Amino acid sequence: SVQITVSKGSETKIYTLNLSDTPIPEQEDTVITHPINVSSMTALPVPVSNLDGANDYVITTENQLRALADYVNNGNTVSGKTFVLGNSIALTSEWTPIGTDTSAFDGDFDGNNYKISALTISSASADSGLFGVLRKSNINNLTVEGDITGNSQRLGGITGCVTGATGEVTKISNCISNVNITSSDSCAAGIIGYVKAGEVYVVNSINFGSITATGYCTGIIGVNYATAKVQNCANLGLIKSTLYSAAGILYSANNKKKVK
């Protein structure tokens, strides 16, 4: 055993640590599985002209990922379509988020336990992240790494914004954000910068990225103006507000809105 003496003013305390000679067992390596078999899936065409041929598409290259962004951002719906990563992708240049305020990404995206790394947005406009705006989407099993810097609101590692009509649900599950965000405006978070409308569920997800903004900066959801539920999530990133309102998990801007 080892004794440690701690003195504070006139008070002295002695703590005893009992040390064991038993060696710490070796930890088994974590095995990452990729549950979706993509071998029979249709490869996403480049460029994307239409998606009438199939409902499920595999993405294995940066060009395919950028083609998806172009297709959605040009006003096309992907409702009913699922996009699955077939391997990890390292981006090589400035990223344009998938989905805009006028043309949200409304399909499903499964990372298949792969990673999108080197995401870089150096002059981020509003609604920036891997996704810009989501609507009635499912984003699953995805890790995103990178850096976002800008002078705008609604920045998030997974998505800048979520919107939707009453009853429309967007769910983000089993996702990891290691995206560092620095904004001279507000509403920034590791997972979702801003929940504008609809219902949002964030489950089994974690943020490791450093988030800095003027306010409403958090690890999971920046600002909630709709209905949001966060379950089994954690923030391990540094959260820094330069003016007001920072939180580890979620900031709810309107106490009339539901946070579960």
Side-chain angles (χ1 to χ4, degrees), residues 68-79 95-109 116 119 121 123-140 142 144 146-173 175 177 179-203 205 207 209 211-230 233 245 247 249-254 257-259:
L68 177 61
D70 290 342
Y71 184 74
V72 173
N73 296 350
N74 284 329
N76 297 291
T77 180
V78 290
S79 180
W95 177 247
T96 298
I98 305 170
T100 68
D101 187 48
T102 57
S103 184
F105 178 84
D106 56 359
D108 295 338
F109 192 99
I116 295 173
L119 181 142
I121 307 176
S123 297
S125 58
D127 304 327
S128 284
L130 176 65
F131 295 89
V133 181
L134 297 175
R135 180 172 186 167
K136 56 179 183 180
S137 298
N138 292 293
I139 311 298
N140 306 317
L142 177 65
V144 182
D147 295 276
I148 299 174
T149 305
N151 303 318
S152 301
Q153 295 182 335
R154 307 192 296 275
L155 310 181
I158 302 297
T159 183
C161 180
V162 174
T163 191
T166 301
E168 291 183 341
V169 176
T170 290
K171 184 176 181 180
I172 295 175
S173 61
C175 287
S177 174
V179 179
N180 300 312
I181 299 175
T182 304
S183 174
S184 58
D185 210 321
S186 61
C187 301
I191 304 296
I192 302 171
Y194 182 77
V195 179
K196 182 178 181 180
E199 297 182 22
V200 172
Y201 297 87
V202 184
V203 182
S205 296
N207 172 59
I211 313 296
T212 302
T214 58
Y216 307 142
C217 47
T218 76
I220 304 300
I221 298 177
V223 170
N224 168 48
Y225 265 105
T227 298
K229 180 179 181 180
V230 177
C233 293
S245 300
I249 299 296
L250 178 150
Y251 181 84
S252 184
N254 187 336
K257 303 301 180 183
K258 296 180 180 179
V259 177

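Since the model is a prediction, treat every value here as computed from it, not as a measurement. Nothing fancy with the numbering, it's 1 onward along the sequence.
Nearest approach of Ser184 to Asn151, heavy atoms of both residues: OG-OD1, 2.7 Å. Listed here is the closest heavy atom pair of Gly157 and Ser177: CA-OG, 3.6 Å. Of all non-hydrogen atoms in Glu199 and Gly167, the two that sit nearest each other are OE2-CA, 4.1 Å.
With sequence neighbours excluded, no residue forms a salt bridge (charged side-chain N to carboxylate O under 4.0 Å, His left out) with Asp147. In this structure, the ring-ring contact (aromatic ring centres under 6.0 Å, His included) partners of Phe131, at least two apart in sequence or on a different chain, are Phe105, Phe109. Residues meeting the side-chain hydrogen bond (donor to acceptor under 3.5 Å, both in side chains) test with Thr166, sequence neighbours left out: none. Qualifying salt bridge (charged side-chain N to carboxylate O under 4.0 Å, His left out) partners for Lys196, counting only residues two or more places apart in sequence or in other chains: Asp101. For Ser79, the side chain to side chain contact (heavy atoms under 4.5 Å, CB included) partners at least two apart in sequence or on another chain are Thr77, Asp106, Lys136. Contacts of Ser128 classified as side chain to side chain contact (heavy atoms under 4.5 Å, CB included), with partners at least two apart in sequence or in another chain: Pro97, Ile121, Ala124, Ser125, Leu155. Considering only residues two or more places apart in sequence or on other chains, Ser186 meets the side-chain hydrogen bond (donor to acceptor under 3.5 Å, both in side chains) condition with Gln153. Here Thr212 pairs with nothing under the side-chain hydrogen bond (donor to acceptor under 3.5 Å, both in side chains) rule; sequence neighbours left out. Among residues two or more places apart in sequence or in another chain, the side-chain hydrogen bond (donor to acceptor under 3.5 Å, both in side chains) test is passed with Thr149 by none. Checked against side chain to side chain contact (heavy atoms under 4.5 Å, CB included), Ser152 has the following partners two or more places apart in sequence or in another chain: Ala126.
Considering CG of Leu119 and CH2 of Trp95, their distance stands at 7.5 Å, rounded to 0.5 Å. In this structure, NZ on Lys171 lies 7.5 Å from CG on Asn140, to the nearest 0.5 angstrom. If you take OG1 on Thr100 and CD1 on Ile98, they are separated by 12.0 Å, rounding to the nearest 0.5 Å. The CG atom of Asp127 sits 10.0 Å away from atom CG of Leu134, with the distance rounded to the nearest 0.5 Å. Separation of atoms CD1 (Ile158) and CD1 (Ile221) is listed at 12.0 Å; rounding is to 0.5 Å. Interatomic distance, Thr218 OG1 to Ile191 CD1, rounded to the nearest 0.5 Å: 9.0 Å.
For the side chain to side chain contact (heavy atoms under 4.5 Å, CB included) with Ile211, the lone residue among Thr182, Ile148, Ile181 that qualifies is Ile181. Considering Ser137, Ser205, Cys233 in turn, Ser205 is the only one that fulfils the side chain to side chain contact (heavy atoms under 4.5 Å, CB included) rule with Ile172.
Between Ile139 and Thr170 there is no side-chain heavy-atom pair separated by less than 4.5 Å. A 4.5 Å side-chain heavy-atom check between Ser103 and Asn73 finds every atom pair outside the cut-off. Two residues are said to be in side-chain contact when any heavy atoms from C-beta on lie closer than 4.5 Å; Val144 and Leu142 meet this criterion. Two residues are said to be in side-chain contact when any heavy atoms from C-beta on lie closer than 4.5 Å; Ile192 and Thr159 meet this criterion.
Distance alone, capped at 3.5 Å, places no donor-acceptor pair between the Asn224 side chain and the Val195 backbone.
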